[in-house]
2 protein chains.
Amino acid sequence: MASDHTRSAILAAAERLYADRGFGDVTLRDIVAEAGVNLAAVNYHFGSKDELIAELFVTRSIATNRERLRELKAAEEQGGGRAPIEVILHALVGPTLRGCLGPENQRSTAARFMIRASIESVPPIRRIKNREIDHLRKFAGAMRRALPDRSDVDIYWGLNFALAMAHHTIRESERLTKLSEGKCDLDDVEDVVSRVVSVATMALTAGKAETKAPARVAAR
Amino acid sequence: MASDHTRSAILAAAERLYADRGFGDVTLRDIVAEAGVNLAAVNYHFGSKDELIAELFVTRSIATNRERLRELKAAEEQGGGRAPIEVILHALVGPTLRGCLGPENQRSTAARFMIRASIESVPPIRRIKNREIDHLRKFAGAMRRALPDRSDVDIYWGLNFALAMAHHTIRESERLTKLSEGKCDLDDVEDVVSRVVSVATMALTAGKAETKAPARVAAR
DNA sequence: GATAGTTTCATACAACTGTTTGAATTGCAA
DNA sequence: TTGCAATTCAAACAGTTGTATGAAACTATC
């Protein structure tokens, strides 16, 4: 019914501003100015500022989660209900890394927004992240099936470390570039993914029967 | 000259409140009420709210950094200028993890404050963290000496992943406990440290000449 | 005990925040 | 056209925030 024009103009403007300047110093007035709409429009269409932020974040994060599960499901079906651990980990961290890294000049607004969301932790986003546990449990299940000898504790630690490496690399990508004087190429996303997967795989399989050496994609 | 009483009362109250409720919703008025001093005292003694936060964070983080360097130096001196990679990594992540984890009921205010600081990323703290690069370079140097065959890129990635696992585990300790239904024991700090060190060591030594298997401390 | 310097205090300031209101406008159906 | 609901708008609201001010109280020195 509604033209929806104002609504999506707000969403686009908000995402752009949050991506560029962070949640801390973007006010509703900044957003409506950028969107060219009236101040009251935000509350009319979204209810509150927090709900606007939540909608932005939910949209992007269900897209990522769907992609993760799609990859996971495809892998498990192909393997008859059991996928190799590398592939599971790839499905876990691949979509996130691909969604947030990549050459800066061609990095989408959505990507920059998600980086912000992972650096600054504002209440509405934190609330949503806390509901991610069910989603992660699905991966824990797949990992258990892939490594039936492994204890639950080790599985959870492996999962934790995989997410750790992915998220920290996103959060601190600038610092890593500076620290390594550009030697670590964060733009080569597939290299980053395979590094994370490789280390997480080692973490999960160390001290047990041999698995095939995790493939390392050549940089650039 | 000054009695210093007001000053330290403010520091203590601020640290306590920030630790409990986060930076987001603690105002100067909350702090001075808790400290039992006048509102103007904060600006008189610290200049501004941001400088108060910065002083809190700097105090704690130089303590951690000093401890890190102390461990590193001791290890390198004992090894004649070259320390085993496990020990270097231990010096890198041990102090941080020990300072932030541990049984909740006996967790110090300082520890809880540092956890907050690593979850919420407020401007004055971010500014300080950005100056940590020189400190990290010292560890990169030690790691290079320990693993002369390794490329710089691999060294930096290993360093990045070690910090990733430590910081993410601190940030998301609550979620990991919930996800694992308590199976991952975050209170057993030395177990956490050795898990992180062990994985980071594997990341740095994989595919090269054998090193001795990193020691795994039994839990509890 | 007067003096000078430091510290405390109550209070006001000035700016900014997200939100609400009620009237104006628009778009669409009858 | 008329009528009705959805949308837009300017304006104000109500609250909070960090900071500044100038007088009062205190402290130590001479």
Between B:Phe23 and B:Phe113, what is the ring plane arrangement, given parallel below 30°, perpendicular above 60°, and tilted in between? perpendicular

At under 4.0 Å, does any side-chain N or O of A:Thr27 touch on OP1 or OP2 of C:dC16? no

Quick one: do the A:Arg126 and A:Ser121 side chains pair a donor with an acceptor below 3.5 Å? yes

Think A:Thr6 has a side-chain N or O under 4.0 angstrom from the OP1 or OP2 of D:dT7? no

Among D:dT21, D:dA6, C:dT21, the one nearest any side-chain atom of A:Tyr44 is D:dA6

Using whole Å, report how far CG of A:Asn43 lies from P of D:dT7. 15 Å

Can you confirm whether A:Glu174 is buried at CD, in the sense that more than 12 heavy atoms of other residues, nucleotides or ligands lie under 6.0 Å from that atom? no

In whole angstroms, how far is the P atom of D:dT16 from the CG atom of B:Asp30? 11 Å

Separation of C:dT17 C1' from A:Asp50 CG (nearest whole Å): 13 Å

In this structure, how many angstroms lie between the P atom of C:dT17 and the CZ atom of A:Phe23, rounded? 17 Å

Closest-nucleotide 5' rank along DNA chain D - winner of A:Asn38 and B:Leu39: A:Asn38

Please give, in whole Å, the distance from D:dT17 P to B:Lys49 NZ? 8 Å

Spacing between B:Arg29 atom CZ and D:dA20 atom P, to the nearest angstrom: 13 Å

Before accepting this row, confirm whether a basic side-chain N of the pair B:Arg16/B:Asp30 lies closer than 4.0 Å to the acidic partner's carboxylate O. no

Residue-phosphate contact under 4.0 Å: B:His45 side-chain N/O, C:dT8 OP1/OP2: yes

Is there a donor-acceptor pair under 3.5 Å between the side chain of B:Arg150 and the backbone N or O of B:Arg144? no

Here the distance between atom C1' of D:dT19 and atom CD1 of B:Ile53, to the nearest Å, is 15 Å

Taking atom P of D:dG18 as reference, at what distance in whole Å does atom CG of B:Asp25 sit? 11 Å

Please classify the nucleic acid contact of A:Ala40 as base, sugar-phosphate, or nothing, using heavy-atom distances under 4.0 Å. base

